[in-house]
Amino acid sequence: MGGARDVGWVAAGLVLGAGACYCIYKLTRGQRQGGRGFRLRASRSAEDLTNGSHDDVLSGDQLQKLLYLLESTDDPVIIERALVTLGNNAAFSANQVIIRELGGIPVIGSKINSPNHSIKEKALNALNNLSVNVENQVKIKVYINQVCKDVLSGPLDSAVQLAGLRLLTNMTVTNDHQHMLRSYITDLFHVLLTGNGSTKVQVLKLLVNLSENPAMADGLLSAQVDSSFLSLYDSHVAKEILLRVLTFSQNISNCLKKEGCLAVQPAFPKGSLFFLLYGEECAQKMRALAEHHDADVKEKVTVLPRF
Ligand SMILES: *[C@@H]1O[C@H](CO)[C@@H](O)[C@H](O)[C@H]1NC(C)=O
Ligand SMILES: *[C@@H]1O[C@H](CO)[C@@H](O)[C@H](O)[C@H]1NC(C)=O
Ligand SMILES: *[C@@H]1O[C@H](CO)[C@@H](O)[C@H](O)[C@H]1NC(C)=O
Ligand SMILES: *[C@@H]1O[C@H](CO)[C@@H](O)[C@H](O)[C@H]1NC(C)=O
Ligand SMILES: *[C@@H]1O[C@H](CO)[C@@H](O)[C@H](O)[C@H]1NC(C)=O
Ligand SMILES: *[C@@H]1O[C@H](CO)[C@@H](O)[C@H](O)[C@H]1NC(C)=O
Ligand SMILES: *[C@@H]1O[C@H](CO)[C@@H](O)[C@H](O)[C@H]1NC(C)=O
């Protein structure tokens, strides 16, 4: 394993590019001066950074070491720990910038292709924390297609599926990259209807974000959605789901009311969300919810326009 890591240090330098040159220079000098012992110590200290001995915020140098380690090791345990440490550090806005400037986003992003779901999940979590920064989002958006495919094919209700959904939700906080999700909407509804409570809430966070964007309205309304969608409006449904479903309908209908919201008035296909939301069954459910025992639910229904 030591051999693979040695090759990796060189490869990491090539991938990380200009910003890393000085450090590579220092490392190779160190090797020449200190011999093998120095290099082993250097790589061990990078591993030390991953095992909880450093709970504090890491410096730029330490983050760089960690990225080299991540790039060069084949050991799944170390990869996972490096990703967790990087993810925790990416909770701090200064580190979000440093990791991007060190070229760290592609290093972390490449790990979402790992066949190991535990590693995939940690990579998604780290990207999620990095995505709080808008400039980072520009680099992270290249992974959106892959993440969508993984979310839709991944084991239902798994940790890795939730991690992917959280990342997609954070990537849709602004309207900039939402169009990339357009072709996955119908499948997202399928995950919504088949997933358990945790999954439903996370898909709804994502759909609510999309519903805020008038440019996504026709994509949402024309999606083929199973009629079991309407059971989300039943009065016994958990409040955190019910409120989000109501917000979603409210945003969509606000958009439809606004003139010119839909560029052209599309003829929504049979079986589309449009026909579910504007059908008699939905209207009945809304009337029932207007009598709901929970004041928040009641209030949301009364501000909804007549369906
Ligand atoms: C972290 O790992 C290194 C070896 O990789 C070990 O020497 C050190 O004691 C570990 N620290 C903790 C806190 O486990
Ligand atoms: C996946 O990674 C974890 C550590 O992160 C490791 O314990 C596990 O053995 C790996 N699974 C496979 C199939 O490699
Ligand atoms: C991400 O950031 C949150 C705080 O915003 C933190 O609690 C979490 O541990 C961080 N790490 C990962 C891997 O998500
Ligand atoms: C984005 O993800 C981070 C880390 O998981 C989280 O702390 C934050 O609340 C998320 N932001 C939004 C707007 O969802
Ligand atoms: C959903 O399923 C996952 C995985 O089985 C489980 O960990 C989680 O607690 C479940 N959530 C709910 C609300 O049932
Ligand atoms: C997107 O969803 C997140 C999490 O629910 C929320 O914090 C954020 O305000 C939403 N953004 C928009 C534009 O709806
Ligand atoms: C979407 O719903 C939320 C919550 O009701 C509201 O604050 C927001 O203004 C709505 N957005 C649009 C575009 O209607």
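Positions are given from 1, in the same order as the sequence printed here. Atoms within a ligand are numbered from 1 in the order they appear, just like the ligands themselves. When reading the values below, keep in mind they use all heavy atoms of this one structure, side chains included, and skip hydrogens, waters and symmetry mates.
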Practice task
Could you list all the ring pair (Phe, Tyr, Trp, His ring centres under 6.0 Å) pairs where at least one residue sits in residues 144-178, not counting sequence neighbours?
Solution key: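 Sorted result for residues 144-178: empty, none.
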
Report, in ascending order of atom number, the atoms of ligand 7 lying under 4.0 Å from any heavy atom of [X].
X    : value
N254 : 14 (O)
K300 : 4 (C), 5 (O)
Q250 : 5 (O)
N251 : 1 (C), 2 (O), 3 (C), 8 (C), 10 (C), 11 (N), 12 (C), 14 (O)

Problem - Residue pair L165 / V147, side-chain heavy-atom distance below 4.5 Å - result: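 In short, these two side chains do not touch, never coming nearer than 4.5 Å.
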
Handout entry: ligand 3 versus N88: contacting region, heavy-atom distance under 4.0 Å
Key = both

Handout entry: Residues D75 and R81 bridged, charged N to O under 4.0 Å
Key = no

Handout entry: Side-chain ion pair, E71 and K65, N-O less than 4.0 Å
Key =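 Here E71 does not pair with K65 in a salt bridge, since their nearest N and O are not under 4.0 Å apart.
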
Handout entry: Heavy-atom pair of closest approach, residues V237 and S231
Key = CG2-O, 3.4 Å

Between ligand 2 and the protein, which N/O pairs are shorter than 3.5 Å?
{"residue": "ligand 2", "atom": "2 (O)", "partner": "N116", "partner atom": "OD1", "Å": "3.4"}
{"residue": "ligand 2", "atom": "2 (O)", "partner": "N116", "partner atom": "ND2", "Å": "2.4"}
{"residue": "ligand 2", "atom": "5 (O)", "partner": "P76", "partner atom": "O", "Å": "3.3"}
{"residue": "ligand 2", "atom": "5 (O)", "partner": "E80", "partner atom": "OE1", "Å": "2.0"}
{"residue": "ligand 2", "atom": "11 (N)", "partner": "N116", "partner atom": "ND2", "Å": "2.8"}
{"residue": "ligand 2", "atom": "14 (O)", "partner": "N116", "partner atom": "ND2", "Å": "3.4"}

Problem - salt bridge (Lys or Arg N to Asp or Glu O under 4.0 Å) partners of K141, counting only residues at least two apart - result: none

Exercise for the section: Considering the heavy atoms of A91, write down every atom of ligand 3 situated less than 4.0 Å from one of them. Expected result: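 Answer, ordered by atom number: 2 (O), 4 (C).
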
Handout entry: Atom NZ of K285 with >12 non-hydrogen neighbours under 6.0 angstrom
Key = yes

Problem - More than 12 heavy atoms from other groups under 6.0 Å of NE2 on H190 - result: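 Incorrect, the count does not exceed 12.
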
Handout entry: Under the ring pair (Phe, Tyr, Trp, His ring centres under 6.0 Å) test, residues paired with Y184 that sit two or more places apart
Key =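 Y184 satisfies ring pair (Phe, Tyr, Trp, His ring centres under 6.0 Å) with no other residue.
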
